There are 2 protein chains.
Amino acid sequence: MELRQNIKIAVDAIVFGYKENSLNVLLIKQKFGVLKDQWALVGGFVKDGETLSTAVNRELAEEAGIKVSYLEQLYTFGDDVNRDPRFQVISVAYFALVNSTKLVVKADTDAEDAQWFPMHNLPQLAFDHSVILEAAKQRLKNKLSYQPIGFDLLPKEFLFSELENLYCTILEKEIDRRNFRKKILSFGIVEETEKFGSKKNGRPAKLFKFNKLKYNKLTKEGFLFDIYFA
Amino acid sequence: MELRQNIKIAVDAIVFGYKENSLNVLLIKQKFGVLKDQWALVGGFVKDGETLSTAVNRELAEEAGIKVSYLEQLYTFGDDVNRDPRFQVISVAYFALVNSTKLVVKADTDAEDAQWFPMHNLPQLAFDHSVILEAAKQRLKNKLSYQPIGFDLLPKEFLFSELENLYCTILEKEIDRRNFRKKILSFGIVEETEKFGSKKNGRPAKLFKFNKLKYNKLTKEGFLFDIYFA
DNA sequence: CTTATAAGCGTATCTTTTACGCAAAGCTAA
DNA sequence: TTAGCTTTGCGTAAAAGATACGCTTATAAG
């Protein structure tokens with residue numbers, strides 16, 4: 001069977017980080033090509049013989065030198081034939097989370113610059129990347145309520161107030177501190193440590209950690225993580 | 001910029017129908033090619049200059065001659081480089097629902113045969129299509145609980161018992177008839193008609209219909225469809 | 001020592017879910 | 001005609017869960 005097809009296939013990654021009450025996205029500025037001097041999502045073309053997952057991970061390494069803590073396919077963008085001015089490109093977008101509190105991104109081989117931008121202060125983006133980003137933001141908002149992915153944005157050990165602020169920030173909602181704590185603790189998947197975190201004022205707070213193993217076990221038994229707040 | 005890429009891109013559609021307490025999938029058997037005499041999902045390669053949506057709709061028309069009542073992108077399968085023995089193919093899978101109660105599929109131009117198969121009695125499928133189908137089944141199960149897509153599988157006017165059976169069948173759960181009715185009605189998006197449906201025995205039941213406009217309006221106001229049953 | 005600030009615990013109230021009971025309306029068969 | 005079966009449709013009590021707060025505790029700053 002002969003098949004001529006001139007459509008190109010690319011992968012893009014929306015990498016979210018969270019630091020000091022701000023949700024951030026990782027963007028890059030490329031050295032070469034049409035993207036030169038434009039901020040864009042991490043991404044690039046899939047190589048022959050490469051899987052989609054391999055391609056995203058490669059791009060994440062090449063362009064930003066990071067390892068993400070969560071990665072899932074988001075959506076495949078291919079309903080605008082001219083989303084790329086060069087040729088017809090279909091892009092499989094991936095949704096990624098990293099614990100960016102201690103993370104420093106380094107512009108690697110391909111990228112001139114890699115930088116975190118707060119979601120409420122984004123630069124102009126290349127192509128249809130702002131559309132993709134918007135879809136990712138929505139996914140993050142939704143998923144936060146029914147999957148414990150918030151922990152992937154925090155360090156291994158965190159304060160309850162940090163977790164709470166993360167939810168408030170991303171969901172753009174006020175949440176009652178006490179009820180939030182009660183609900184999260186009721187699941188039995190977040191555990192107290194012996195350590196204390198440091199804050200300027202107020203009563204010192206214990207550090208907590210997410211027990212992923214227990215979460216996985218409970219999930220198999222039918223447990224559903226669910227923290228919807230009106 | 002020169003770019004050599006020999007990856008092909010295809011679309012596949014998982015079309016679900018519901019009839020007489022059975023969830024069914026639409027499968028086709030092709031006239032030509034490697035797929036000859038094998039049951040497979042509706043699908044094919046994307047043409048140059050064509051969008052993904054256009055491609056699926058074209059395939060749905062060409063291979064089965066149907067118009068679906070619901071269509072959304074499911075997932076893009078490209079993590080197995082050898083999912084197609086001929087060459088590397090990335091497939092964007094779509095999830096579709098049709099009201100199949102009165103629908104007769106006709107094998108159109110490309111397909112030798114198009115047929116509904118009950119989910120609990122499937123033939124061997126080509127390629128990795130059983131994996132794709134499994135993902136679609138999962139999507140259907142999940143989505144049923146937080147989006148009113150069940151109505152897309154039923155005729156415009158339906159009995160409450162039909163809706164209830166649809167939920168029981170797909171979710172593979174027992175649901176209390178009375179509580180189910182109460183909950184659905186409490187949303188105010190399903191309305192009573194003057195007509196009655198016919199059943200062999202028992203008290204005659206009113207026909208109901210889904211008010212999509214009202215649902216859309218409520219959704220904008222923050223309403224969340226949600227019918228989880230333990 | 002006082003004040004400010006955040007952490008942590010508890011509880012009354014309101015809402016929702018769950019588990020059923022039971023009458024109504026039709027069909028069938030004696 | 002009527003007894004029996006079946007499905008529909010409505011209601012309600014009890015259990016569970018969500019919500020709105022009050023109050024104490026532990027630390028730092030002044």
Side-chain angles (χ1 to χ4, degrees), chain A residues 20-21 144-146 154-155 157-169 171 173-210 218 221-230, chain B residues 20-21 144-146 154-155 157-169 171 173-210 218 221-230:
Chain A
E20 286 148 24
N21 295 353
L144 210 54
S145 298
Y146 66 89
L154 291 175
E157 304 194 326
F158 52 87
L159 303 174
F160 238 103
S161 55
E162 292 173 333
L163 184 64
E164 185 208 328
N165 281 323
L166 185 147
Y167 271 83
C168 291
T169 307
L171 298 179
K173 267 178 195 168
E174 297 248 318
I175 300 173
D176 183 274
R177 181 175 56 84
R178 295 152 292 186
N179 291 337
F180 177 79
R181 185 194 182 99
K182 226 183 305 179
K183 189 134 177 195
I184 295 279
L185 286 177
S186 77
F187 296 150
I189 55 176
V190 169
E191 287 158 10
E192 204 173 290
T193 70
E194 297 304 309
K195 284 170 258 176
F196 283 80
S198 56
K199 269 269 172 104
K200 277 168 194 154
N201 17 357
R203 174 172 172 174
K206 281 177 201 140
L207 285 167
F208 288 80
K209 60 179 175 184
F210 173 54
L218 287 173
E221 295 166 10
F223 163 73
L224 282 187
F225 183 85
D226 174 29
I227 28 175
Y228 179 71
F229 286 95
Chain B
E20 288 149 22
N21 296 351
L144 210 54
S145 299
Y146 66 90
L154 292 175
E157 304 193 325
F158 52 86
L159 303 174
F160 239 103
S161 55
E162 292 172 333
L163 184 64
E164 185 208 327
N165 280 324
L166 185 146
Y167 270 83
C168 290
T169 307
L171 297 180
K173 267 178 195 170
E174 297 247 319
I175 300 174
D176 183 274
R177 181 177 55 85
R178 295 152 291 185
N179 291 337
F180 177 79
R181 184 193 182 99
K182 226 183 307 175
K183 187 135 180 193
I184 295 278
L185 287 177
S186 76
F187 296 150
I189 55 175
V190 169
E191 286 157 11
E192 203 174 292
T193 69
E194 297 303 308
K195 286 170 256 176
F196 284 79
S198 56
K199 269 271 174 98
K200 280 168 191 151
N201 16 356
R203 176 175 171 172
K206 282 179 200 136
L207 285 166
F208 288 79
K209 60 179 175 186
F210 172 53
L218 287 173
E221 294 166 10
F223 163 72
L224 283 186
F225 182 86
D226 175 29
I227 29 174
Y228 179 71
F229 287 96

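It should be emphasised that the depicted structure is a prediction, and the values quoted were computed from it without experimental measurement. Proteins come first, then strands; the chains are lettered A, B, ... in the order of their sequence lines, and each starts at number 1.
Aromatic rings from B:F210 and B:F158 are positioned such that their centres are separated by 6.0 Å or more.
Across the protein-nucleic acid pair, B:L163 atom CG and D:dT8 atom C1' stand 15 Å apart, rounded to whole Å. Distance A:Y228 OH to D:dT19 C1': 14 Å, rounded to the nearest Å. B:L224 places its CG atom 17 Å from the C1' atom of C:dT15, with the value rounded to the nearest Å. Following rounding to the nearest Å, A:R177 (CZ) and D:dT19 (P) show an atom-to-atom distance of 17 Å. One can place CG of B:L207 at 15 Å from C1' of D:dG9, the figure rounded to the nearest angstrom. Spacing between atom CD of A:E174 and atom P of D:dA20 amounts to 12 Å, rounded to whole angstrom units. At whole-Å resolution of the value, CG in B:L185 and C1' in C:dT16 are 16 Å apart. The CZ atom of A:F180 sits 12 Å away from the P atom of C:dA7 (whole-angstrom rounding).
Here the side chains of B:I189 and B:F225 are in contact, with some heavy-atom distance below 4.5 Å. For the pair B:I184/B:F208, no side-chain contact is recorded, criterion being any heavy-atom separation below 4.5 Å from C-beta on.
Phosphate proximity of D:dT7 to B:K200: absent, as no side-chain N or O sits under 4.0 Å from OP1 or OP2. For D:dG9, one of the phosphate oxygens OP1 or OP2 lies less than 4.0 angstrom from a side-chain nitrogen or oxygen of B:R181.
The base of D:dT8 lies close enough to the side chain of B:R203 for a donor and an acceptor atom to sit less than 3.5 Å apart. Between the base of C:dG10 and the side chain of A:R178 there is no donor-acceptor pair shorter than 3.5 Å.
Annotation: the span from A:E164 atom CD to A:T169 atom OG1 amounts to 9.5 Å, rounded to 0.5 Å.
Nearest to the side-chain atoms of B:D176 among the listed nucleotides D:dT8, C:dT17, C:dC20 stands C:dC20. Of the candidates C:dA7, D:dG9, C:dG8, C:dG8 carries the atom nearest the A:F208 side chain, counting heavy atoms from C-beta on.
Each of A:P204 and B:N179 was assigned the nucleotide of DNA chain D with the nearest heavy atom; the assignment lying further toward the 5' end belongs to B:N179.
Distance alone, capped at 3.5 Å, places no donor-acceptor pair between the A:Y167 side chain and the A:K173 backbone.
Across all strands shown, A:K182 has heavy atoms under 4.0 Å from base atoms, whether or not it also approaches the sugar-phosphate.
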